[in-house]
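Contents: one structure, followed by commentary.
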Amino acid sequence: MEIENKIEAILLLGGDEIKIKELCRFFSIPLEEMLKILENLKENRRETGINIEISDEVVSLVTNPIYGEVINNFFEQETKPKKLSNAALETLSIIAYRQPITKGEIEAIRGVSIDRIIQNLEEKKFIRVCGKRESIGRPNLYEVTDKFLSYIGIKHIEELPNYFEIKESSENGRN
């Protein structure tokens with residue numbers, strides 16, 4: 001537990017992001033072991049006001065999105081977070097249920113280009129690149145983030161409603 005506390009202190013003072021490999025070098029710990037420590041730290045902080053975000057090759061401290069309204073009220077921000085467009089919600093739904101998924105696969109399902117939507121969702125940190133598809137062009141694979149899950153009020157992707165049950169009840173409702 002002591003190493004987790006040390007890492008947490010480094011993250012607090014380190015600014016926006018700390019490279020995971022730098023932590024490995026500093027503590028002389030292999031990458032796999034460091035990732036386990038960071039995942040454990042992330043899980044332990046899940047219910048607190050400050051969360052750990054691990055993405056690509058970096059780790060950072062972030063506020064827990066659950067407390068976004070409280071933070072906005074405290075700092076009296078006049079602009080409330082914008083609601084997501086229907087196109088963004090549809091794209092997020094596709095990613096959530098089919099992740100990991102490429103932009104081309106999403107566009108094939110939606111039937112329209114989603115370049116700007118993907119860019120906006122990445123900026124909001126609702127989705128992230130989680131790898132590359134081993135195919136021609138090696139396109140990015142996308143997945144939803146914990147920030148998105150908090151935005152919709154769940155903790156784990158498994159808590160999403162069953163797509164087939166929703167589809168079936170929706171179709172039965174039209175009959």
Side-chain angles (χ1 to χ4, degrees), residues 1-77 79-84 88-89 91-103 106 117-134 138-160:
M1 186 67 173
E2 185 178 333
I3 191 165
E4 288 181 6
N5 293 338
K6 290 176 183 177
I7 291 170
E8 197 171 44
I10 290 170
L11 292 175
L12 178 65
L13 294 176
D16 290 341
E17 298 174 335
I18 299 290
K19 291 185 177 172
I20 297 171
K21 288 183 179 179
E22 287 180 21
L23 290 172
C24 291
R25 276 192 296 273
F26 181 78
F27 288 106
S28 300
I29 294 176
L31 180 62
E32 289 76 30
E33 187 177 337
M34 180 58 71
L35 289 173
K36 286 178 187 174
I37 292 168
L38 292 172
E39 284 296 334
N40 189 43
L41 186 57
K42 178 180 178 177
E43 189 58 36
N44 290 340
R45 297 221 49 88
R46 187 174 294 279
E47 300 297 324
T48 70
I50 303 294
N51 289 168
I52 304 291
E53 185 170 275
I54 304 166
S55 58
D56 297 330
E57 301 171 347
V58 296
V59 60
S60 58
L61 291 179
V62 295
T63 57
N64 190 329
I66 294 170
Y67 302 113
E69 185 176 344
V70 171
I71 293 167
N72 283 337
N73 290 340
F74 180 81
F75 290 104
E76 299 176 348
Q77 292 184 359
T79 58
K80 297 291 180 191
K82 289 183 181 178
K83 294 196 179 213
L84 295 171
L89 287 171
T91 301
L92 278 165
S93 297
I94 293 167
I95 295 169
Y97 281 103
R98 302 247 179 133
Q99 67 183 2
I101 188 169
T102 66
K103 184 173 81 68
I106 300 166
I117 294 170
I118 289 288
Q119 184 179 354
N120 286 337
L121 293 174
E122 283 184 301
E123 287 171 6
K124 289 181 182 353
K125 298 201 184 283
F126 280 176
I127 63 170
R128 70 173 159 242
V129 174
C130 63
K132 299 261 188 196
R133 168 89 11 105
E134 294 297 330
R138 295 190 30 88
N140 288 336
L141 289 168
Y142 294 95
E143 67 182 4
V144 295
T145 64
D146 289 343
K147 183 174 182 180
F148 168 69
L149 297 178
S150 293
Y151 178 82
I152 62 171
I154 64 174
K155 294 178 184 175
H156 302 284
I157 195 78
E158 294 80 23
E159 294 178 50
L160 282 173

Check K36 with E39, please: is the shortest side-chain N to carboxylate O separation under 4.0 Å?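 Here E39 does not pair with K36 in a salt bridge, since their nearest N and O are not under 4.0 Å apart.
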Which distance, rounded to the nearest 0.5 Å, do you find between the [atom1] of [X] and the [atom2] of [Y]?
X    : Y    : atom1 : atom2 : value
K132 : L141 : NZ    : CG    : 9.0 Å
E57  : E17  : CD    : CD    : 10.5 Å
Y151 : T145 : OH    : OG1   : 12.0 Å
I7   : L61  : CD1   : CG    : 11.5 Å
L23  : L35  : CG    : CG    : 10.0 Å
I3   : M34  : CD1   : CE    : 5.0 Å

Take atom [atom1] of [X] as the centre, draw a 6.0 Å sphere, and report whether it contains more than 12 heavy atoms from other residues, nucleotides or ligands.
X   : atom1 : value
K21 : NZ    : no
F27 : CZ    : yes
Q99 : CD    : yes

So, does E159 use its side chain to make a donor-acceptor pair with the main chain of H156 at under 3.5 Å? yes
Taking N51 for the side chain and K42 for the main chain, is one N or O donor matched with an acceptor at less than 3.5 Å? no
So, applying side-chain contact (heavy atoms from CB on, under 4.5 Å) with Y142, which one of I94, I118, T91, L92 is it?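 Single pass found, and it is I118.
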Kindly write out the residues that satisfy salt bridge (charged side-chain N to carboxylate O under 4.0 Å, His left out) with K103, not counting sequence neighbours, or none if the list is empty. E107, D115
Audit row: R45, I50, side chain to side chain contact (heavy atoms under 4.5 Å, CB included) steps and yes/no: CA-CA 7 Å; R45 297 221 49 88; I50 303 294; 3.7 Å; yes
How far apart are the closest heavy atoms of [X] and [Y], and which atoms are they?
X    : Y    : answer
A88  : L84  : CB-CB, 4.3 Å
I52  : L38  : CG2-O, 4.5 Å
V144 : I157 : CG2-CD1, 3.7 Å
R133 : P100 : NH2-O, 3.8 Å
K147 : K125 : CB-O, 3.5 Å
E47  : N64  : C-ND2, 4.5 Å

Determine, stepwise, if the pair R98 / I106 fulfils side chain to side chain contact (heavy atoms under 4.5 Å, CB included). CA-CA 9 Å; R98 302 247 179 133; I106 300 166; over 6 Å; no
Who pairs with I152 by side-chain contact (heavy atoms from CB on, under 4.5 Å), at least two apart in sequence or on another chain? F148, I154, L160
